Structures are given as structure tokens and as C-alpha cells.
Colleague: 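Starting off with a structure, shown below.
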There are 2 protein chains.
Amino acid sequence: MERKIVEGVVRNKEKSKEKFLNAVGKILRTKGFSALKVNDIAAVAGLDKKLIYNYFGGTDQLIDEYIKSQDFWSNVKNEPDLDINDGGQGLSKAMLLWQFDYVFKNKELQKIILWGLLENRSSLKKLADDREESGDALFKNISDPHFGEHSWRYRAIMALLISGIYYLDIYASTNDNTFCGLNVKTEEGRKEIEEALSFMIDKVYESK
Amino acid sequence: MERKIVEGVVRNKEKSKEKFLNAVGKILRTKGFSALKVNDIAAVAGLDKKLIYNYFGGTDQLIDEYIKSQDFWSNVKNEPDLDINDGGQGLSKAMLLWQFDYVFKNKELQKIILWGLLENRSSLKKLADDREESGDALFKNISDPHFGEHSWRYRAIMALLISGIYYLDIYASTNDNTFCGLNVKTEEGRKEIEEALSFMIDKVYESK
DNA sequence: TTTTTTTATCACCATTTGGTGATATATACT
DNA sequence: AGTATATATCACCAAATGGTGATAAAAAAA
């Protein structure tokens, strides 16, 4: 006969695992991934580090499990109520502007994006795969048909704009400097970027 | 009377300082800035770590001095032989394409760019200031007069394109994933990006 | 040559870090 | 109630890391 799993108030494996995962998130948001050390994670979780080895196998696996548990790109996906009779022009704009704002506000996502530029962690690669896959739906179903032979140009432009958005948002978070004279932290600076994004989408769709 | 500075073959302060600075560069290129530890730097330099404290005051100051010694953005500056009767259209294109290639090849610069997104080191801030200042010449003298009331739109677009270039180049170096379906590591992928850059500059100048 | 000073090494320490075996105890089962 | 076991803690270790005082040795000055 199976023994019932322990779920007391003091001893509770599932709750402890949760505590560790939460601790990873907290440290990631506040100190960044370079601060993700066993001792510190255990301290923040309020539990013994030995449990990290027992429950996850080690810090790396714990971190991987954390990344998997957070569906960072799930919110990014399509706004279904937008019409696409314009070949995705409105959708493209909305998506870029939304991401520009979303990444700016989500410090944890910023850390994750940066992490993906620094390390080759398998769980981070999977994140990138997910992002690619969800984006592919937009391309294959909407923009590719609309742009035909120029579909790759549209993709290249989106690649530049999206990665530019990432960079500028992160730059603004860690830096007080301007970029090309723009202060991406301020309302005015961000407005300029937003108008530029909108402008460029218009131009790509005009030139089809 | 001043004592002559020591410059033997075995003991030579200036050469030793050089060795430390070179060691920093080597580690930065090969292992990244997270590997810049006193013991490792000393080992690579082939000297005792005590000298790092004696000559520079510590690892941080040594690293700062290294960053200052490398004029990372000096090469980026203008190509003076390009005419600017087109309001800087050709210059803008050439600059973007050149940077796209330059950053892709220069792994050390990639690390520095990333570093600037992670830490708030004063020497890195100075680097950013330098970059801004050298770019400002282009804006103030060429694009601002040409674009008039739309000068900030041009700057915002350049900010997006340049930061997109940085991101994609670094992404390509550390990642095997595609981005918006493009493989920025391959000749074809990079060609698409280059054409997109060129296309967008044209559009901005058309719409003036 | 002898002395002085600069340059470099060495031995050593404290702290941080990752990791584990032995042990205690809360919970579940009988 | 008593017993078994999953859960959690503790003490401890080895290696890595940052940092320094005492000392050796090379080069310059006498």
C-alpha cells in the first residue's frame, strides 16, 4: 500500500519546492542571475540547501525548473480580436507597441532576455524556441501570404525592431545614458520610439 | 635627485602593468567578464596578484583602466570621404551596415556591450557617453538639418536599428536559435537584415 | 662592492561557495 | 499508544576567492 504524501504544516515537500522556486524568482528580479547561488537561494527560501539537492538535483536543475515554470512569452501571443484584413498591419503595430511597454515594465523578463545572450542554458534555448514558434504563427498565417516574395524582408524588419525594443528597454533600465540622444526612460523618449515603430510598419506595408 | 625608473628584463613595472591589462583583454574575449577574478587575471598575466593591488588598487580599478585603454568606438566614427549632399542617406546606410558587420566579428565589443546592459560601472558609462558624443556629431551636423521637424523621428529610427543590430549580432554569437525565422549566423540571414536596414533608411529619407 | 630602493614572490588568512553524511523530528501508519 | 519513514536540519569538508604582511631578489645609486 502506498504511503500518503507528507503534508503537514512544518514538513511539506511540495510547499518546500514552491518556496525554492519562489526564492529563485525573487533573487532573479532583485539581484539578477549572477546572484543565484545555492546558499543564497536556500537562505531566501528559509530552508536548508540540502533540500535543493534532494528535490531538484542541484542549483542548475532548480533554475531550469523555474524557467520552465514561468511561461514568459505566453502573454505576448496574439490579440485575437484584432482584424487582419489589413494583412496584419494593425496587429504588427499593436504587438510591437505592446512588447515595448511590456518588456520595459517586466524586469524579470529583461533578466531572462539578457541571460539568453550570455549563457547557452538548455531551458533558455527552449524559451527561445517557444518564442519563435508562437511568432511563426503570425508570420506563416498573416504576413507571409500578404507580402509574398517580400515576406523575408518583413521578417527581417520585425527582427530588427523587436530586438531593438529589447535592447532599448533593457538599456533604459540599467543605464542613465541616452541612446542616439533619446532618453528611453522618459515619456517623451518612449513616445519617439513608439512613433518610429508605427512609422516603419506603415512604410513596410505601403511598399508592398 | 630622482631615481631612474626600474626597467630591467626581469623587473619592469610598466611591462608588468601591460601584462595585467593584456590578461584582462584575453580573459574578456575568451571567458567573458564573469571570469575576471584576481587569481585568474594574475595567472594569465604570469605575475603575482599582489601587484594588481599595488599597481591598480584592485581588480575593479584594473578593469576600469583596461576599458579606458581600449577605444572601442574610435573605429566606428565617420567615413569622411562619403559625400553628404544626400542629407546623410549614404552615410547612414554605410554606418549601419558597417556596424552590423563590425560588432558581429568583434567578440570583445559584444561582451562590452552586454556588460553595459548588466552593470553600472563608471568606465562603461563613460564608454556610452563617448559613443553618444561621437554619434551626436552626425546627428547635429547632418541629419538634424536635413530632417528639420522630423529630426527626432530619424534619431528614434536609428536608435531602434542600431540597438537591433547589437542585439542580433550578440544573439547570433551565443545562440543557435533563429530570430523571427532568420538565422543571423548565416550569409542568407545576414543578407536579409542588411537589405532591411538599407530599405528602412531609404524609406526614412523618402518620407522627409 | 656595498647600499638602497623598487619590483616581485611567497606564505598565509578570512570568507564565500558548493556539496554531503549523520542526525533530528514531524507526519503517517499500525 | 508506538513505530516507520519522509522531511528537514546540522555540522562539517574541500575548493575557490579576495586580500595582505613578510621577505626575496633585481636594478639603481653610492
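All values reported here derive from a predicted model rather than from experimental measurement. Residue numbers start from 1 in every chain, and the chains themselves are labelled A, B, ... in the order their sequence lines are given, proteins ahead of strands.
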Colleague: Which heavy atom in B/V103 sits nearest to a heavy atom in B/I113, and how many Å separate them?
Modeller: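 Heavy-atom minimum between the residues: CG1-CD1, 4.1 Å.
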
Colleague: Please give, in whole Å, the distance from C/dA24 C1' to A/L51 CG?
Modeller: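 The answer, rounded to whole Å, is 13 Å.
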
Colleague: Below 4.0 angstrom, N of the basic side chain to O of the carboxylate: do A/R155 and A/D136 qualify?
Modeller: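 A/D136 and A/R155: salt-bridged.
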
Colleague: Would you call the rings of A/Y154 and A/F139 parallel, tilted or perpendicular, taking 30° and 60° as the class edges?
Modeller: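 Rings of A/Y154 and A/F139: perpendicular, over 60°.
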
Colleague: In whole angstrom, give the distance that lies between atom NZ of B/K4 and atom C1' of C/dT7.
Modeller: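 B/K4 atom NZ is separated from C/dT7 atom C1' by 14 Å.
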
Colleague: Output the rounded distance in Å from CD1 (B/I52) to C1' (C/dT9).
Modeller: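 Taking CD1 of B/I52 and C1' of C/dT9, I get 14 Å after rounding.
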
Colleague: For a quick check of understanding: with a heavy-atom distance under 4.0 Å over all strands, which category does B/N12 fall into, base, sugar-phosphate or nothing?
Modeller: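 Sugar-phosphate only.
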
Colleague: Distance check: side-chain N/O of A/S16 vs OP1/OP2 of D/dA8, anything under 4.0 Å?
Modeller: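 For D/dA8, OP1 or OP2 has a side-chain N or O of A/S16 closer than 4.0 Å.
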
Colleague: Would you say the rings of A/Y167 and B/Y167 are close, in the sense that their centroids are separated by under 6.0 Å?
Modeller: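 No, too far apart.
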
Colleague: Just how far, in rounded Å, is C1' of C/dG19 from CZ of A/F56?
Modeller: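 Taking CZ of A/F56 and C1' of C/dG19, I get 17 Å after rounding.
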
Colleague: Using 4.0 Å as the upper bound for N to carboxylate O, is an ion pair formed by B/D64 and B/K126?
Modeller: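 So B/K126 does not pair with B/D64 through a salt bridge.
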
Colleague: Give the rounded distance in Å between these two atoms: CG of A/D60 and P of C/dG18.
Modeller: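 Distance, rounded to whole Å: 10 Å.
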
Colleague: What is the distance from CG of A/N54 to P of D/dA8, rounded to the nearest Å?
Modeller: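 A/N54 atom CG is separated from D/dA8 atom P by 10 Å.
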
Colleague: If you assign each of B/V10 and A/I5 to its closest nucleotide in DNA chain D, which residue comes earlier from the 5' end?
Modeller: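 So the residue in question is A/I5.
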
Colleague: For A/D40 and C/dG19, give me the distance from atom CG to atom C1', rounded to whole Å.
Modeller: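 Spelled out: CG on A/D40 to C1' on C/dG19 is 15 Å.
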
Colleague: B/Y55 side chain N/O closer than 4.0 Å to the phosphate oxygens (OP1, OP2) of C/dT7?
Modeller: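 Negative; the distance criterion is not met.
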
Colleague: Between D/dT17, C/dG18, D/dA8, which one does the side chain of B/K37 approach most closely?
Modeller: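 Looking only at heavy atoms from C-beta outward on B/K37, the closest nucleotide is D/dT17.
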
Colleague: I'd like to know if B/K125 and A/D176 make a salt bridge, using a cut-off of under 4.0 Å between side-chain N and carboxylate O.
Modeller: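 Looking at A/D176 together with B/K125, the answer is no, because their closest N to O distance does not fall below 4.0 Å.
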
Colleague: What is the per-nucleotide protein-contact pattern of nucleotides 19-25 of chain D, from the 5' end, where B denotes a base atom under 4.0 Å from a protein heavy atom, S denotes such proximity for sugar-phosphate atoms only, and - denotes neither?
Modeller: BBBB-BB

Colleague: Are B/M95 and B/M158 packed together at the side-chain level, in the sense that at least one heavy-atom pair is separated by less than 4.5 angstrom?
Modeller: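 Side chain of B/M95 against side chain of B/M158, heavy atoms only: contact under 4.5 Å found.
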
Colleague: When the distance from CD1 of B/I27 to P of D/dT17 is rounded to whole Å, what number comes out?
Modeller: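 That distance rounds to 11 Å.
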
